[in-house]
Chemist: 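Handing you this structure, nothing more for now.
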Amino acid sequence: MSPHHLRQDSLPKSSPATVSVFASANSWIESDALVQCQRVAALDGMVHVAAMPDLHPGKGAPIGAAMASTVLYPFLVGSDIGCGIAVFPVKLRRVVPERIAARFPDLDRALDPEQDADDPAWAALDGEVPAGHVEGLGTVGRGNHFVELSRVGTVLDSGHASRLGLEAGDLVLVVHSGSRGLGERILRAHTEAHGAGPAPDSAAYLAQHDAAVRWGSLNRRLLAARVAHALGAEPGAPIVDQCHNLVEVRDGVYLHRKGAAPGDGRDVLVAGTRGTPSYLVAAHAGPDANHSVAHGAGRKMSRADALRRGRAKHTVEELRRTPLGSLVVCGDRQLLFEEAPSAYKRIEQVIGDLVHHGLATPVATTVPLVTYKTADAGSASRDARRDGRRGRGRP
DNA sequence: ATGTAC
């Protein structure tokens, strides 16, 4: 062993960071995710790890955690830098789920600046394309991403809801999406050079990161505008838009959030599943929670398990029309099983844990009417793509 | 979650 190593070993070992888990004893948390939290806590410079009740294992880093350290670790944010959830009020005359589902635009096809130059949705960007990254603009992505028309269900804090301009029965578009290929490219470039190590030039990383965060937020506006126009509604500004994959400099440390939303006096939509309500909450998380709240119900099982168990338990039909009566637009059977409500924890339990620990106050629920995951098999837009023709409309 | 390779 080199003297260098001996010297390191002889130094008093810095104690690992504290880990706080904001979940009650009867909330199921996969042990792999807790092990990941302990590994993160042992990283150089780590100060405090706050695990949210939706905690579950991720690739390398846990999902549903806020991690504060003196060193910036890009892998703790992950590849989908800027992923978040936004809520847009929308006014529609008649809501028949089948008709709405049929009118959803093809959100797997990017808007092309030249061929789609006259699409009114572009107004949502106001000419801004962060990092000049045009690829994937207007697409929702895969995994847990979605665009959903929901109805405000139970109002739990009428004063707060009315300040947001919401009352029971109102319609909203909920958009969960990130920075698509841009964030992936930024993390890959870092990882190829430095692996899971810290960013040697944190300012350079942060400049790219900030562009991806902005790109994600603008893309959520673009997605909402595409859908609003297709449904004959006027697109507007979001009343809620919080990013749950990002790093910020706060109190002199790097606060990494991975599947954890900023919870310092902000309103956050905590996503349920495609067959259960979501909760709009007023977040008021303090330093113990790294100023963060949960971002959703959280996976209860891996995608592989959800696929295997889902095939035995559910039919495609019951996943496409949920117990709430809502429709799920998803031409990909595998994704439908992976994203089955039964693959997620109960959102009420997650919200209950946030409330119990004083991290958030529920404002209102949103109840799904139509959720878009990926284009329907047999849709006009998908046929057009397959045949190599341009997307919209009929031949 | 992603683009890309298998």
Side-chain angles (χ1 to χ4, degrees), chain A residues 30 32-33 36 52 54-65 73-86 107-112 130-148 174-193 195-196 205 208-209 211-220 222-223 242-247 256-261 271 273-274 294-307 330-332 334-340 343-344 371-375 385:
Chain A
E30 226 173 304
D32 287 357
Q36 286 184 333
M52 298 296 127
D54 57 339
L55 187 80
H56 57 283
K59 192 179 169 180
I63 300 168
Y73 291 100
F75 88 98
L76 292 182
V77 175
S79 63
D80 197 4
I81 305 162
C83 188
I85 299 179
L107 303 177
D108 303 333
R109 188 180 75 78
L111 281 180
D112 186 294
H133 186 82
V134 171
E135 300 91 60
L137 267 178
T139 61
V140 63
R142 288 288 183 125
N144 58 358
H145 292 177
F146 63 86
V147 177
E148 182 171 279
V174 178
V175 180
H176 180 187
S177 188
S179 59
R180 310 291 289 109
L182 178 58
E184 199 273 341
R185 197 175 72 191
I186 294 167
L187 181 67
R188 181 155 34 84
H190 171 84
T191 305
E192 279 170 2
Y205 170 81
Q208 296 183 297
H209 160 282
V213 169
R214 180 71 180 150
W215 199 100
S217 180
L218 285 171
N219 197 48
R220 289 189 284 279
L222 188 53
L223 283 159
Q242 293 301 335
C243 165
H244 48 240
N245 290 350
L246 82 168
V247 57
H256 310 75
R257 290 191 177 92
K258 172 72 169 172
T273 72
R274 293 336 98 219
H295 80 310
R299 295 199 72 84
K300 192 166 67 183
M301 58 184 87
S302 68
R303 291 187 175 277
D305 284 348
L307 186 58
C330 185
D332 180 336
Q334 178 170 328
L335 184 60
L336 205 51
F337 287 115
E338 288 176 356
E339 290 290 311
Y344 283 85
T371 306
Y372 180 101
K373 295 289 295 177
T374 188
R385 254 199 335 282

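Protein chains get the first letters and strands the later ones, always in sequence-line order, with residue 1 at the start of each.
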Chemist: Between N or O atoms, less than 3.5 Å apart, protein on one side and nucleotides 2-6 of chain B on the other: list the pairs.
Modeler:
residue: B:dT2; atom: OP1; partner: A:R180; partner atom: NH1; Å: 2.6
residue: B:dT2; atom: OP2; partner: A:R142; partner atom: N; Å: 2.6
residue: B:dT2; atom: O5'; partner: A:R180; partner atom: NH1; Å: 3.4

Chemist: A:H295: what forms a ring-ring contact (aromatic ring centres under 6.0 Å, His included) with it, not counting sequence neighbours?
Modeler: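 Here the qualifying residues are A:H244.
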
Chemist: For A:R185, which residues count as a salt bridge (charged side-chain N to carboxylate O under 4.0 Å, His left out) partner, sequence neighbours excluded?
Modeler: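 None.
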
Chemist: Not counting sequence neighbours, which residues clear salt bridge (charged side-chain N to carboxylate O under 4.0 Å, His left out) with A:R274? List them please.
Modeler: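 Listed in chain order: A:E148.
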
Chemist: Under the salt bridge (charged side-chain N to carboxylate O under 4.0 Å, His left out) test, which residues partner A:K258, sequence neighbours left out?
Modeler: none

Chemist: Can you spot which of A:H209, A:H133, A:Q208 makes a side-chain contact (heavy atoms from CB on, under 4.5 Å) with A:I186?
Modeler: A:Q208

Chemist: Starting at CH2 of A:W215 and ending at C1' of B:dA1, how long is that distance when rounded to a whole Å?
Modeler: 13 Å

Chemist: Looking at residues at least two apart in the chain, or sitting in another chain, which of them share a salt bridge (charged side-chain N to carboxylate O under 4.0 Å, His left out) with A:E30?
Modeler: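 A:E30: no salt bridge (charged side-chain N to carboxylate O under 4.0 Å, His left out) contacts found.
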
Chemist: Using a cut-off of strictly less than 4.0 Å, decide whether A:N245 has a side-chain nitrogen or oxygen near OP1 or OP2 of B:dA1.
Modeler: no

Chemist: In whole Å, I'd like the distance from the CD1 atom of A:I63 to the C1' atom of B:dA1.
Modeler: 9 Å

Chemist: Just how far, in rounded Å, is C1' of B:dA1 from CG of A:L107?
Modeler: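 Atom-to-atom, A:L107 to B:dA1, this comes out as 17 Å.
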
